[in-house]
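One structure is given here, and the rest of the page talks about it.
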Protein chains: 2
Amino acid sequence: MLAAERKLKIIDYVRKHSVASVAQLSQDFGVHEATIRRDLSEIEKEGRLRRTHGGVVLVERVSSEPSFTVRVNERVEEKTSIAERAIEMINEGDSIILDSGTTTFQIARLLSAKSNITVVTNDIKIAAELQNNKDIKVIVTGGVLSPESYMLNGLFTDHALKKLHVTKAFIVIPAIHPKLGLTHFDDQFVSAKRSMIESAEQTIVVTDHTKLGGVSLHNVAPVAQIDVLITGKEASETQVKQFQEAGVTVYTV
Amino acid sequence: MLAAERKLKIIDYVRKHSVASVAQLSQDFGVHEATIRRDLSEIEKEGRLRRTHGGVVLVERVSSEPSFTVRVNERVEEKTSIAERAIEMINEGDSIILDSGTTTFQIARLLSAKSNITVVTNDIKIAAELQNNKDIKVIVTGGVLSPESYMLNGLFTDHALKKLHVTKAFIVIPAIHPKLGLTHFDDQFVSAKRSMIESAEQTIVVTDHTKLGGVSLHNVAPVAQIDVLITGKEASETQVKQFQEAGVTVYTV
DNA sequence: TCAATTTTCTTTCAGCAGCAAGCAATGGTT
DNA sequence: AACCATTGCTTGCTGCTGAAAGAAAATTGA
């Protein structure tokens with residue numbers, strides 16, 4: 001059996017059983033434990049499984065991104081500043097998309113100051129936050145609820161987003177690069193974000209400075225589709241310049 | 001068993017049973033109590049459970065956060081009893097619809113005891129309640145959020161419901177009459193409820209006894225489409241009999 | 001309320017299983 | 001023949017576990 005083949009079978013096995021031990025895999029495949037360990041190290045480097053003492057377990061989505069409760073408490077100040085700047089861009093009568101995320105959740109919080117706004121969101125926590133505001137109409141996209149966040153995703157989400165047209169979309173992305181554009185570590189979230197960008201006249205990316213220059217596996221959109229980038233003042237001048245040269249209006253707050 | 005595997009199983013166990021003792025976990029997994037304590041400390045550090053003297057409990061639900069404040073409900077006891085009876089009807093592997101409402105919210109609360117369930121709902125509060133349960137897949141219908149409740153409604157709701165097929169639908173209705181069937185005072189909610197009934201193999205109406213015999217303006221569905229009615233024991237025998245004669249299985253709890 | 005008692009918790013230590021790293025052997029490719 | 005990738009083996013090291021002991025918390029009975 002080829003090494004690559006064995007690695008694929010290991011991944012398959014763990015997908016099915018959630019866990020596997022080095023000893024057992026070694027026996028099943030009839031190779032030395034050291035070989036299995038080497039395989040596991042490589043698989044882990046590819047981010048497909050997580051190694052533990054004695055074996056390997058499934059990657060939880062949490063490990064690629066911490067849970068909402070954790071994230072909401074990270075870099076709160078930067079997120080709030082970004083949200084405040086974002087709010088300034090929203091005018092009376094606008095219909096906007098708020099992508100699921102903690103920064104956009106801050107935008108939702110501040111939105112109560114505005115009136116006559118329609119908000120489209122794929123985040124039930126954002127929806128709940130806006131729920132008791134009579135001056136804001138909230139449209140929830142629908143879809144499958146992520147167990148580790150409040151995001152909706154899937155066919156219904158895409159369908160809803162494709163049927164709508166808004167003036168501004170506020171997008172969250174875990175990696176944005178001046179040349180390689182917006183990328184995401186999980187392909188299942190790509191479709192929704194693309195639809196959001198397509199449904200909006202103007203696309204605004206809100207993200208803290210740690211995401212700048214990052215690249216992930218799955219391509220979401222080129223930089224050319226981004227109109228505005230709002231990020232923290234911690235962003236380096238070099239980074240900001242690179243985005244500006246790519247035609248993006250950058251606000252650092 | 002791997003240490004990591006054991007930790008995952010502990011979390012699973014507590015998710016289902018809400019609590020667990022060190023002694024019992026130690027016995028179940030056949031490891032020393034000190035080992036369990038070490039596991040619990042680590043799990044707590046990850047923020048997934050909360051330690052107590054002698055064991056471990058679930059972390060407080062996110063739904064207790066301000067944006068999901070629980071409204072004070074009337075007839076909570078009756079609703080809880082109805083929910084308990086409803087839960088008994090749900091089997092492993094079922095996919096169910098939970099209509100928006102406080103009685104169905106109680107069903108959602110009790111659902112955590114079940115596993116391998118798919119829940120379709122048009123209520124973001126119900127969705128939030130089920131969100132951190134890994135054994136339950138939650139599909140939100142999408143739609144416009146009602147300012148006075150957590151209900152989603154409108155074209156997206158109808159579209160999603162029409163695309164789905166479930167084994168059981170738990171429907172809430174403000175008026176149900178043995179001859180005139182299900183009626184609603186607001187026509188905008190009629191379409192969703194009809195779709196729910198059509199999408200389900202079995203339709204179960206859950207409602208407190210004050211709604212029995214009531215009639216409103218807009219017709220939703222005839223009694224013939226109802227399979228089961230779960231209501232409070234306060235319902236009069238005459239009323240119950242009338243529904244039974246119309247072919248409905250009635251449970252008074 | 002307080003002190004005695006019991007239970008549970010934390011810390012420490014030793015033993016063992018699992019681990020990374022280096023090296024040699026194998027087999028295939030240039 | 002030289003080279004490279006892959007595997008198996010060995011070695012010293014790391015991390016997990018159970019046992020024990022002292023600390024802390026809960027319970028009991030006055």
Side-chain angles (χ1 to χ4, degrees), chain A residues 1-67 69-70 73 148 185 216-217, chain B residues 1-61 64 112-113 132 134:
Chain A
M1 185 188 300
L2 296 174
E5 186 184 356
R6 192 181 52 236
K7 274 164 61 179
L8 287 175
K9 285 195 172 165
I10 291 176
I11 294 171
D12 261 4
Y13 182 92
V14 180
R15 284 260 165 79
K16 251 188 213 130
H17 296 79
S18 302
V19 287
S21 72
V22 172
Q24 181 213 334
L25 289 172
S26 148
Q27 212 170 4
D28 286 4
F29 291 104
V31 294
H32 201 270
E33 297 202 352
T35 307
I36 294 292
R37 289 201 186 93
R38 276 185 281 248
D39 288 346
L40 296 185
S41 302
E42 285 167 36
I43 294 171
E44 186 181 39
K45 221 183 293 174
E46 293 162 18
R48 322 194 31 157
L49 299 174
R50 207 185 75 225
R51 284 227 55 187
T52 69
H53 197 83
V56 63
V57 295
L58 265 186
V59 184
E60 300 162 53
R61 214 161 293 143
V62 205
S63 61
S64 36
E65 202 164 36
S67 76
T69 3
V70 175
N73 294 318
E148 302 294 342
F185 56 80
S216 279
L217 183 59
Chain B
M1 185 186 301
L2 299 177
E5 185 182 0
R6 192 181 51 235
K7 274 165 62 179
L8 289 175
K9 287 197 170 158
I10 290 176
I11 294 171
D12 263 3
Y13 182 92
V14 180
R15 283 262 164 80
K16 272 213 187 91
H17 296 78
S18 303
V19 288
S21 72
V22 172
Q24 183 214 334
L25 289 172
S26 150
Q27 211 170 4
D28 285 4
F29 290 106
V31 295
H32 201 273
E33 296 202 351
T35 306
I36 294 290
R37 292 202 180 92
R38 278 184 279 247
D39 287 346
L40 296 184
S41 300
E42 284 168 35
I43 294 170
E44 186 178 40
K45 218 185 298 176
E46 292 162 20
R48 330 220 348 175
L49 299 174
R50 210 184 72 229
R51 289 213 56 185
T52 66
H53 199 82
V56 63
V57 296
L58 268 184
V59 284
E60 282 173 32
R61 311 301 299 269
S64 62
S112 55
N132 61 5
K134 252 203 264 172

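By convention in this document, chain letters (A, B, ...) are assigned in the order of the sequence lines, proteins followed by strands, and residues within each chain are numbered from 1.
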_Residues forming a side-chain contact (heavy atoms from CB on, under 4.5 Å) with B:H32, sequence neighbours excluded_ = B:A34, B:T35
*Can you sort out the partners of A:E33 under side chain to side chain donor-acceptor pair (under 3.5 Å), two or more places apart, ordered by chain and number?*
A:R37
_Whole angstrom value for the distance that separates P of C:dC9 from CD of B:E33_ = 8 Å
*Please identify each residue that fulfils salt bridge (charged side-chain N to carboxylate O under 4.0 Å, His left out) with B:K7, with sequence neighbours left out.*
B:E42, B:E46
*Checking all strands, does B:S21 fall into the base, sugar-phosphate, or nothing category for heavy-atom contacts under 4.0 angstrom?*
nothing
*List in chain and number order the residues that pass side-chain contact (heavy atoms from CB on, under 4.5 Å) with B:V19, two or more places apart in sequence or in another chain; answer none if no residue qualifies.*
B:V57
*asked:* What is the first contacted nucleotide of DNA chain D and what is the last, in 5' to 3' order, if contact means an atom lying under 4.0 angstrom from a heavy atom of chain A?
replied: D:dT7 to D:dC16
*Just jot down the side-chain contact (heavy atoms from CB on, under 4.5 Å) partners of B:A113, sequence neighbours excluded, or say none.*
none
*Go through the structure and list residues passing side chain to side chain donor-acceptor pair (under 3.5 Å) with B:D28, not counting sequence neighbours.*
B:Q24
*Mind checking side chain to side chain donor-acceptor pair (under 3.5 Å) for B:Q27 and listing every partner two or more places apart, or none if nothing turns up?*
none
*Roughly how many Å is it from CG in B:L2 to C1' in C:dC19, rounded to a whole number?*
14 Å
*If you look at every heavy atom in B:V14 and B:A20, which pair is closest and at what distance?*
CG2-CB, 4.0 Å
*At under 4.0 Å between heavy atoms, which parts of nucleotides 20-30 of chain C does protein reach? Answer with one letter per nucleotide, 5' to 3': B base, S sugar-phosphate only, - none.*
S-B--------
*B:E44: what forms a side chain to side chain donor-acceptor pair (under 3.5 Å) with it, not counting sequence neighbours?*
none
*Looking at residues at least two apart in the chain, or sitting in another chain, which of them share a ring pair (Phe, Tyr, Trp, His ring centres under 6.0 Å) with A:Y13?*
A:H17
*In degrees, rounded to 10°, what is the bend between the two ends of the helix from C:dT1-D:dA30 to C:dT30-D:dA1, using five pairs at each?*
30°
_Any base atoms under 4.0 Å from A:H32, or only sugar-phosphate, or nothing? Heavy atoms, all strands._
base
